[in-house]
Amino acid sequence: QQQLVESGGGLVQPGGSLRLSCAASGYRFDYYAMGWFRQAPGKEREGVSCISSSGDSTSYADSVKGRFNISRENAKNMVYLQMNSLKPEDTAVYYCAARGWDICPVTGLRSAFFASWGQGTQVTVSS
């Protein structure tokens, strides 16, 4: 049974950094692309970033390009999201998700393209 567990969220001041982690288990992690999504109160879930199964291809939402970096360690079944220069509008619950394919979606980071989800971790950016 696939399981994804996020960690690393918290309260940070604007301009600060956080590193989110996602531990995967119950399937061949290195076969599948992974994504990060976020959902703020009253808003729809938004795709943030995706990384291919090998880690050699990544994609980002325009709102986080140049500030966030996604990476993975297949030997440890882990995927990470390094978030820098955080803004109050980055406040949300962040979810990691596993895709049923080895590459990221070419038509955009939509929830429907991902099969399994973690429970989420809260990120709050506030002074």
remark   = T58 meets the side chain to side chain contact (heavy atoms under 4.5 Å, CB included) criterion, sequence neighbours left out, with I51, Y60, I70
ask   = Quick one: side chain to side chain contact (heavy atoms under 4.5 Å, CB included) partners of Q82, sequence neighbours excluded?
value = S17, R19, N69, N84
Listed by chain and number, what are the side-chain hydrogen bond (donor to acceptor under 3.5 Å, both in side chains) partners of [X], not counting sequence neighbours?
{"X": "S116", "result": "Q2"}
{"X": "Q3", "result": "none"}
{"X": "R72", "result": "N74"}

message = Between Y31 and S53, is there a side-chain heavy-atom distance shorter than 4.5 Å?
response = no
ask   = Got E6 and Q119 here, is their nearest side-chain heavy-atom distance under 4.5 Å?
value = yes
message = Which heavy atom of M78 sits nearest to which heavy atom of S21, and what is that distance?
response = CE-CB, 3.7 Å
key: Pairs touching residues 103-127 that satisfy ring pair (Phe, Tyr, Trp, His ring centres under 6.0 Å), sequence neighbours left out   = F37-F114, F37-W117
Single-linkage hydrophobic cluster, 4.5 Å side-chain cutoff, [X] and [Y] together:
{"X": "L20", "Y": "Y95", "value": "no"}
{"X": "V12", "Y": "Y80", "value": "no"}
{"X": "F68", "Y": "L18", "value": "yes"}

task = For the pair Q39 (side chain) and K43 (backbone), establish whether a donor and an acceptor sit closer than 3.5 Å, ignoring hydrogens and angles.
result = yes
query = Do any N or O atoms from the side chain of S49 and from the backbone of S59 form a donor-acceptor pair under 3.5 angstrom?
reply = yes
inquiry  = Going by the rule salt bridge (Lys or Arg N to Asp or Glu O under 4.0 Å), which residues pair with D62 if we only count those two or more places apart in sequence or in a different chain?
reply    = K65
Which atom pairs, donor and acceptor, lie under 3.5 Å between side-chain atoms of residues 100-111 and protein residues at least two apart or in another chain?
residue, atom, partner, partner atom, Å
T107, OG1, R110, NH2, 3.4

task = Any pair with a residue in residues 85-94 that passes side-chain hydrogen bond (donor to acceptor under 3.5 Å, both in side chains), sequence neighbours left out, goes on the list, sorted by first then second residue, please.
result = R38-D90, R38-Y94, R67-D90
Please table the atom pairs, donor to acceptor, closer than 3.5 Å between any side-chain atom in residues 120-127 and protein atoms at least two apart or in another chain.
residue, atom, partner, partner atom, Å
T121, OG1, G9, N, 3.2
Q122, NE2, A92, O, 3.4
Q122, NE2, T124, OG1, 3.3

query = Who pairs with Y27 by ring pair (Phe, Tyr, Trp, His ring centres under 6.0 Å), at least two apart in sequence or on another chain?
reply = Y32
ask   = Which residue pairs pass the salt bridge (Lys or Arg N to Asp or Glu O under 4.0 Å) test with at least one member in residues 21-37, sequence neighbours excluded?
value = R28-D30
